[in-house]
Amino acid sequence: MVRAGLTPELLTRAGAELADEVGFDRVTVSELARRFDVKVASLYSHLRNSEELRTRIALLALEELADRAADALAGRAGKDALTAFADVYRDYARSHPGRYAAARYRLDPETAARSAGVRLAQMTRAVLRGYDLTEPDQTHAVRLLGSVFHGYVDLELAGGFSHSSPGSEESWTRILDALDATLRNWPPS
């Protein structure tokens, strides 16, 4: 029997909220059932398993990130676009740590190809157009940006920068300055 009011969309949003509270790795159908005070079996009419729930949360997170990035990038180019794009990732991770982790969840190729991750990749390349990079250097630069953004955010979320000076905000600004300089002066192949 399907419980009135429960839908896959509602459960996905609740799962995303749960991920932000307890961590994406702890989100399961069982944990979600506890949240709604229902039997686990009643959720299986909406979700096949915890894997589907995690995939749905990942897709939601990618969509939210892509929407925020599109808004932030509108009308910007060069360093302004780079900074706005980087800040979207950092701000999203700080506001929604569980969803941020979900956005990096490994999706099967077919699901990934239909996800907003494609939009995010396109926006990354749009940011890089302001630096006039061609292939394969553009792909190298995409990987550099992803490594820096995600690496910094992961370390910051784990408290890795909270016990030393200068502050994390100052380092973030300087790192974005360094990335801009690197992209403007990309080494020849």
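One is the number of the first residue; the rest follow in order along the sequence.
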Under the criterion side-chain contact (heavy atoms from CB on, under 4.5 Å), I'd like the reasoning laid out for Leu183 against Val127: C-alpha separation, chi angles, the key distance, then a yes or no.
CA-CA 11 Å; Leu183 293 169; Val127 167; 5.9 Å; no

Could you give me the CA-CA distance, side-chain angles and deciding distance for Arg26 and Glu31, then say whether side-chain contact (heavy atoms from CB on, under 4.5 Å) is met?
CA-CA 8 Å; Arg26 295 187 52 205; Glu31 191 63 36; 5.6 Å; no

Go through Glu156 and Ser171 one step at a time and tell me if the side-chain contact (heavy atoms from CB on, under 4.5 Å) criterion holds.
CA-CA 11 Å; Glu156 186 176 47; Ser171 292; over 6 Å; no

Should Arg104 and Asp154 be marked as a side-chain contact (heavy atoms from CB on, under 4.5 Å) after you check the CA-CA gap, both sets of side-chain angles, and the distance that decides it?
CA-CA 12 Å; Arg104 294 174 301 145; Asp154 284 348; 2.9 Å; yes

Give the C-alpha distance, both sets of side-chain angles, the deciding distance and a yes or no for ring-ring contact (aromatic ring centres under 6.0 Å, His included) between Tyr100 and His96.
CA-CA 6 Å; Tyr100 175 75; His96 300 289; over 10 Å; no

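Once rounded to the nearest 0.5 Å, the distance linking OG1 of Thr28 with CG of Asn49 reads 11.0 Å. Of the inter-residue distances, the one linking Asp177 atom CG with Trp172 atom CH2 reads 12.0 Å to the nearest 0.5 angstrom. For the atom pair CG of Leu128 and OG1 of Thr134, the computed distance is 11.5 Å after rounding to the nearest 0.5 Å. One finds the OG1 atom of Thr12 at 12.0 Å from the CG atom of Leu18 (value rounded to the nearest 0.5 Å). Atom CG of Leu53 sits about 9.0 Å away from atom CG of Leu43, to the nearest 0.5 Å. Going from atom CG of Leu120 over to atom CD of Glu63 covers 9.0 Å, rounded to the nearest 0.5 Å.
Under a 4.0 Å N-O distance rule, the pair Arg35/Glu17 does not qualify as a salt bridge. Between Arg13 and Glu64, at least one side-chain nitrogen of the basic residue sits less than 4.0 Å from a carboxylate oxygen of the acidic one, meeting the salt-bridge criterion. The pair Glu52-Arg56 counts as a salt bridge, with a side-chain nitrogen and a carboxylate oxygen less than 4.0 angstrom apart.
Taking both residues in full, the closest heavy atoms of Ala102 and Ala61 are given as CB-CB, 4.4 Å, listed atom of the first, atom of the second, then distance. Ala103 approaches Leu65 most closely through the heavy-atom pair CB-CD1, 3.8 Å. Of all heavy-atom pairs spanning Ala141 and Leu133, the tightest one is CB-CD1, 3.6 Å. Nearest heavy atom pair, residue Ala93 against residue Val153, reads CB-CG1, 3.1 Å. When all heavy atoms are compared, the tightest approach of Ser168 to Tyr152 is O-OH, 2.8 Å.
Other residues, nucleotides and ligands contribute at most 12 non-hydrogen atoms within 6.0 Å of the CD atom of Glu110. Counting heavy atoms of neighbouring residues, nucleotides and ligands inside a 6.0 Å radius, atom CZ of Arg94 exceeds 12 of them. Heavy-atom contacts from other residues, nucleotides or ligands closer than 6.0 Å to CZ of Arg48 number 12 or fewer. Other residues, nucleotides and ligands contribute at most 12 non-hydrogen atoms within 6.0 Å of the CG atom of Asp132.
Counting heavy atoms from C-beta outward, Leu176 and Asp87 have side chains that approach closer than 4.5 Å. In this structure, the side chains of Leu107 and Leu59 come closer than 4.5 Å at one or more pairs of heavy atoms. At least one side-chain heavy atom of Arg184 sits less than 4.5 Å from a side-chain heavy atom of Asp180. A 4.5 Å side-chain heavy-atom check between Asp67 and Arg119 finds at least one atom pair inside the cut-off. The shortest side-chain heavy-atom distance between Leu11 and Leu6 falls under the 4.5 Å cut-off.
Linking ILVMFWY side-chain heavy atoms closer than 4.5 Å, directly or via other members, places Phe36 and Leu60 in two distinct hydrophobic clusters. Residue Val88 is not grouped with residue Val118 when hydrophobic side chains (ILVMFWY) are merged at heavy-atom distances under 4.5 angstrom, including chains of intermediate members.
Checked by atom type, the side-chain pair Thr139/Arg125 shows a donor-acceptor distance below 3.5 Å. Of the N and O atoms on the side chains of Glu51 and Tyr105, at least one donor lies less than 3.5 Å from an acceptor on the other residue.
Side-chain atoms of Asp20 come within 3.5 Å of backbone N or O of Arg99 as a donor-acceptor pair. A distance-only check finds a donor-acceptor pair linking the side chain of Arg76 to the backbone of Ala72 [under 3.5 Å].
Between Phe149 and Tyr89, the ring-plane angle classifies as tilted under the 30° and 60° cut-offs.
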